[in-house]
Amino acid sequence: MIRTIQTLIIALACIAFTLVLGASIWAIASDPGQGNLPQLLSENMGRSGVEHPVTAVLLNFRSYDTLLEIGVLVIAGIAGISMSKTTSLEDPDLRTSDPLLYALQRWFIPLMLVLAGYLLWAGADRPGGAFQAGAVLAATGVLMRLGGIPMDFLRPGLLLRVGLVLGFSVFLLVAVVSVIGGDAFLAYPPGMTKPLILVIESVLTLSIAMVLLALFVSAPVNDAEDPEEGDPS
Amino acid sequence: MTDWLLDGLLVSALLATAASALLSRDLFRAVVVFIAFGLLMAVAWVRLQAPDIALAEAAIGAGLTGVLLLDAVSHLGNKRQQASRREGDKP
Amino acid sequence: MTSSLLYAMAGAALCGIGLFGLLRLSHLLRKLLAFNIMGSGVFLIMVALPQHQSGPDPVPQALVLTGIVVAIAATALAVVLIRRYYHLSGMTSLEGEAGSREGGPL
């Protein structure tokens, strides 16, 4: 009985919250607004080095946000890996005996890798870019993991650490170098914007895929009653 | 007119799948409906003229999140053991 | 009233639905689903509202793109934490929240 009353009160509170949110959206929508961001953006597209506005915003005009975002991803990856208690990263139970999955893997994994590379390249002048390519690359890794293909770069070691921090450190390096050169933080030297954006996007793709894959693999696979790795019992 | 019909249907489908994902009795069904919610969101992003977000939502929201949550559901399930049961097992 | 405003209102409704689920559901994975739904609602508002005022706006689209990737990383970390919690305590809900009587969601 008490629980039903509690549910009702919470439901009323959420309905009130939704109505207030909707009313404020309506009020903001009727207001014409001061700045005109799309126009400002299209005027400055020539200085950004790429033709697609979303990529230009992500990698040039608001590159500081992207830098912090990849930093957050690295922190999440480190936190996830530190909790990992899997007994083995290549569990033989996971190796598939299903011929359909095996056949699909042989076809899909190369196709997905090519797709990820295309998405990364296409981000310059059409929808695409580092984030989408990183997501497809992580999905490829998950498909490999589900099929039990051993992935040595996910063992705790040098390769894992390098892959995780590569994106963030290259990005930070570019930012700091421009400070040393006398310019503002994260100001690309004009004339080198296109190659710099390409390099940063490539390492970002790799790092994003690595972080997502490490987070997937580190979810523990043992049950509540099994002893942990390293327990004396 | 058909634009409004499409948008209205998409919005109601979004709200219906969201409510159904939260209120399903079976956790596995909730996650599957959540994957469907992700795919509908990808279509909504296309309608909002944001193809980059549609690509990312299709890959991440429907693909990666779905696999992650299904893997978690298969290990956690709907079990709700209380702490007292575990304490009874320990010597 | 363009169609973008309809999507912004749908985003507000999704926020409300997600908030209700986050507060009321007791299983930790359901709370995670509700949190993700609330996040999708916020992203819808962020993209649809400027679109209603001045057409397709790339700046909030870029921010939402970043937001989606951060949300999946946070969800994956949350799943790791939930599974560790289940491993250590055997429970799938927090201590103060009792489950419902017949095993339903609420």
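Order of the sequence lines sets the chain letters (A, B, ...), proteins ahead of strands, with each chain counted from 1.
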Please classify the contact of [X] with chain C as side chain, backbone, both or neither, using a heavy-atom distance under 4.5 Å.
X         : value
Ile25(A)  : both
Ile10(A)  : both
Ile208(A) : side chain
Gln132(A) : side chain

Q. Do any of residues 48-55 of chain A have a heavy atom less than 4.5 Å from a heavy atom of chain C, and if so, which, in residue order?
A.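 Residues of residues 48-55 of chain A touching chain C at under 4.5 Å: Pro53(A), Val54(A).
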**Q.** Residue-level interface, residues 71-79 of chain A with chain C, non-hydrogen cut-off under 4.5 Å
**A.**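 From residues 71-79 of chain A, the residues near chain C are Val72(A), Leu73(A), Ala76(A), Ala79(A).
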Going by heavy atoms in the side chains, are [X] and [Y] under 4.5 Å from each other?
X        : Y        : value
Leu65(C) : Leu58(A) : yes
Gln61(C) : Val57(A) : no
Leu5(C)  : Trp26(A) : yes

Quick one: closest heavy-atom pair of [X] and [Y], and the distance?
X         : Y        : answer
Pro58(C)  : Leu41(A) : CG-CD2, 3.2 Å
Arg84(C)  : Met83(A) : CD-O, 3.7 Å
Leu215(A) : Ala73(C) : CD1-O, 3.7 Å
Ile28(A)  : Gln53(C) : O-NE2, 2.8 Å

Q.
For chain A, which candidate among Ala76(C), Ala62(C), Cys15(C), Pro60(C) shows the most heavy-atom pairs at distances under 4.5 Å?
A.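 Max contact count across the listed options: Ala62(C).
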Q.
For the interface with chain A, which of Leu49(C), Leu23(C), Leu14(C), Ile82(C) has the highest count of heavy-atom pairs at distances below 4.5 Å?
A. Leu49(C)
Please indicate whether [X] has more than 12 foreign heavy atoms, meaning atoms of other residues, nucleotides or ligands, lying under 6.0 Å from its [atom1].
X         : atom1 : answer
Phe17(A)  : CZ    : yes
Phe185(A) : CZ    : yes
Tyr85(C)  : OH    : yes

Measure [X] against the heavy atoms of chain A and call it side chain, backbone, both or neither at under 4.5 Å.
X        : answer
Pro56(C) : backbone
Ile45(C) : side chain
Ile68(C) : neither
Leu77(C) : both

(Q) Looking at Arg24(C), is its backbone amide N or carbonyl O close enough to the side chain of Gln6(A) to form a donor-acceptor pair, meaning the two atoms are under 3.5 Å apart? (A)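 No, the answer is negative, given that no donor and acceptor are paired below the 3.5 Å cut-off.
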